[in-house]
Undergrad: 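Just dropping this structure here.
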Amino acid sequence: MTSRQRDLVQDPAPLRDQPVGIVGLGLIGGSLGLDLQTAGVEVRALVHQESTAQRARQRQLANVISIDPTVLQGCGLIVLALPLDRLLDPSPELLAALPSHAVITDVGSVKQPVLQRWQGVHERFVASHPMAGTAEAGVEAGLRGLFAGRPWVVTPDASTDPGALAMVQQLAGVVQAQWLSCTAPAHDQAVALISHMPVLVSAALLEAAEQGGQAAAAAELVRQLASSGFADTSRIGGGNPELGALMSRCNREAVLQALARYRCQLESLEELVQDEQWGPLQTRLQHCQAIRPEFL
């Protein structure tokens, strides 16, 4: 971030001066709508289907909810809470509805392809990613306080408008998120290790338990004995399948590198068990016990 950018971040235009638009009212968009309204911000939301709009109105996820893109007119900040494939291939109707003066940001979990796609599309685009979530998805998933204390990462480059960056920082502050800034490649490598790869690892754990139980004719017993430890380690593998596949597709190279690192560690642990190296195994587990708090 340049010194000019830092100066402008300290004095952003008030977020409440104009309505905030949200495109998509799933977990992230719906949670944002609830938190922003609590903070006294007017929220206008665009959704794809009328049935979604009706349920979102019942849940009061925004002040105004419509399937008509003109609902975004007059918004000073618009958050694209869309799946990665729709971020990378936005509809012409959406692009035409984005006001030229508005700040546009996204919440996608992969940043480099999104940043590349939106460069030149809108002058006030800021690539961002709130690192918060649950296993739920859809219009029923939004909840208050989702972002409190969680990282909100931005990946500006030399072309990022400083005033736009300042407004996104204010958005993160309103929902009590922790502001972080890094490059898009660094972000994508990091989330591959701590977010995208774990989805696949968790999925593999679930399938191994399922197949192992069937092979031992103990499928029902495996399910009956599964408790909190298995629930914790398998949670994200049982989450939104579309999101998991999109993260892997859009961050493929970094995910493959992360999986290779994981495979190496797993094979090393397997060798310790195979060779009955209980002392070295305990030492490895003690190391893991010691470093885990650094990731929480």
Side-chain angles (χ1 to χ4, degrees), residues 1-45 61-63 72 75-82 84 87 98 101-112 114-115 118 122-134 141-157 159-184 186-188 190-191 194-195 295-296:
M1 186 184 298
T2 67
S3 60
R4 179 168 176 260
Q5 286 174 322
R6 282 193 294 269
D7 291 340
L8 285 169
V9 165
Q10 301 304 314
D11 186 26
L15 194 66
R16 296 175 181 83
D17 280 0
Q18 294 175 287
V20 170
I22 301 177
V23 182
L25 288 176
L27 172 64
I28 300 300
S31 299
L32 268 177
L34 290 169
D35 281 354
L36 289 172
Q37 289 177 93
T38 299
V41 177
E42 180 186 348
V43 180
R44 301 179 184 176
L61 298 181
N63 300 102
L72 301 176
C75 291
L77 168 67
I78 296 173
V79 181
L80 305 176
L82 295 170
L84 283 165
L87 276 174
L98 297 176
H101 72 276
V103 173
I104 312 296
T105 192
D106 75 302
V107 298
S109 65
V110 181
K111 294 274 66 83
Q112 193 164 16
V114 171
L115 186 59
W118 282 82
H122 197 285
E123 292 184 356
R124 308 199 74 197
F125 179 78
V126 178
S128 77
H129 177 206
M131 295 286 295
T134 70
L143 70 161
R144 288 181 173 83
L146 179 69
F147 309 100
R150 302 301 305 157
W152 193 301
V153 189
V154 291
T155 59
D157 64 6
S159 66
T160 301
D161 179 273
L165 187 66
M167 184 168 281
V168 177
Q169 182 171 7
Q170 190 176 24
L171 170 67
V174 166
V175 299
Q176 301 178 41
Q178 296 181 353
W179 181 255
L180 292 174
S181 179
C182 64
T183 66
H187 168 276
D188 291 354
V191 296
I194 53 86
S195 180
F295 291 87
L296 303 179

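What you are looking at is a predicted structure, and each value in this text was computed from that prediction instead of being measured.
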Undergrad: If I take atom CH2 from residue Trp152 and atom CE from residue Met131, how far apart are they, to the nearest 0.5 angstrom?
TA: 12.5 Å

Undergrad: Which heavy atom in Pro151 sits nearest to a heavy atom in Leu180, and how many Å separate them?
TA: CB-CD1, 3.8 Å

Undergrad: For the pair Thr160 (side chain) and Val126 (backbone), establish whether a donor and an acceptor sit closer than 3.5 Å, ignoring hydrogens and angles.
TA: no

Undergrad: What's the shortest heavy-atom distance between Cys75 and Ala102, and which atoms?
TA: O-CB, 3.4 Å

Undergrad: I need the minimum non-hydrogen distance between Val191 and Ser109, along with the two atoms involved.
TA: CG2-O, 3.6 Å

Undergrad: A side-chain contact here means heavy atoms from C-beta on lying under 4.5 Å apart; do Leu61 and Leu34 qualify?
TA: yes

Undergrad: Are the side chain of Gln176 and the backbone of Phe147 linked by a donor-acceptor contact shorter than 3.5 Å?
TA: no

Undergrad: Is Arg44 close to Leu72 at the side-chain level, that is, under 4.5 Å between some pair of heavy atoms?
TA: no

Undergrad: Does a side-chain heavy-atom distance below 4.5 Å link Leu77 with Gln18?
TA: no

Undergrad: Looking only at atom types and distance, does a side-chain atom of Asp188 sit under 3.5 Å from a main-chain N or O of Lys111, one as donor and one as acceptor?
TA: yes

Undergrad: Please round to the nearest 0.5 Å and tell me the distance separating atom CZ of Arg124 and atom CD1 of Ile104.
TA: 9.0 Å

Undergrad: In Å and rounded to the nearest 0.5 Å, what is the CD1 to NE2 distance from Ile28 to His129?
TA: 7.0 Å

Undergrad: Are the side chain of Arg150 and the backbone of Pro130 linked by a donor-acceptor contact shorter than 3.5 Å?
TA: no

Undergrad: Closest approach of Leu146 and Ala132, non-hydrogen atoms and distance?
TA: O-CB, 3.5 Å

Undergrad: Nearest 0.5 Å, what's the CG-CG distance between Leu36 and Leu171?
TA: 6.0 Å

Undergrad: Quick one: CZ on Phe125 to CG on Leu115, what's the gap to the nearest 0.5 Å?
TA: 6.5 Å

Undergrad: Can you measure from CG (Asp161) to NE2 (His122) and round to the nearest 0.5 angstrom?
TA: 10.5 Å

Undergrad: Minimum heavy-atom separation for Ala45 and Leu25, please, with both atom names.
TA: CB-CD1, 3.6 Å

Undergrad: If you compare all heavy atoms of Leu165 against all heavy atoms of Trp179, which two are closest, and at what distance to 0.1 Å?
TA: O-CH2, 3.9 Å

Undergrad: Do the side chains of Cys182 and Thr155 get nearer than 4.5 Å, heavy atoms only?
TA: yes

Undergrad: Would you say Ser31's side chain and Leu143's backbone share a donor-acceptor pair under 3.5 angstrom?
TA: yes

Undergrad: Does any N or O in the side chain of Asp106 come within less than 3.5 Å of the main-chain N or O of Ser128, such that one atom is a donor and the other an acceptor?
TA: yes

Undergrad: Run the side-chain hydrogen bond (donor to acceptor under 3.5 Å, both in side chains) test on Asp35 and Thr38 for me, step by step, so that the C-alpha distance in whole Å, both residues' side-chain angles and the decisive distance to 0.1 Å come before the verdict.
TA: CA-CA 5 Å; Asp35 281 354; Thr38 299; 5.2 Å; no

Undergrad: Tell me the salt bridge (charged side-chain N to carboxylate O under 4.0 Å, His left out) pairs involving residues 162-182, sequence neighbours left out?
TA: none

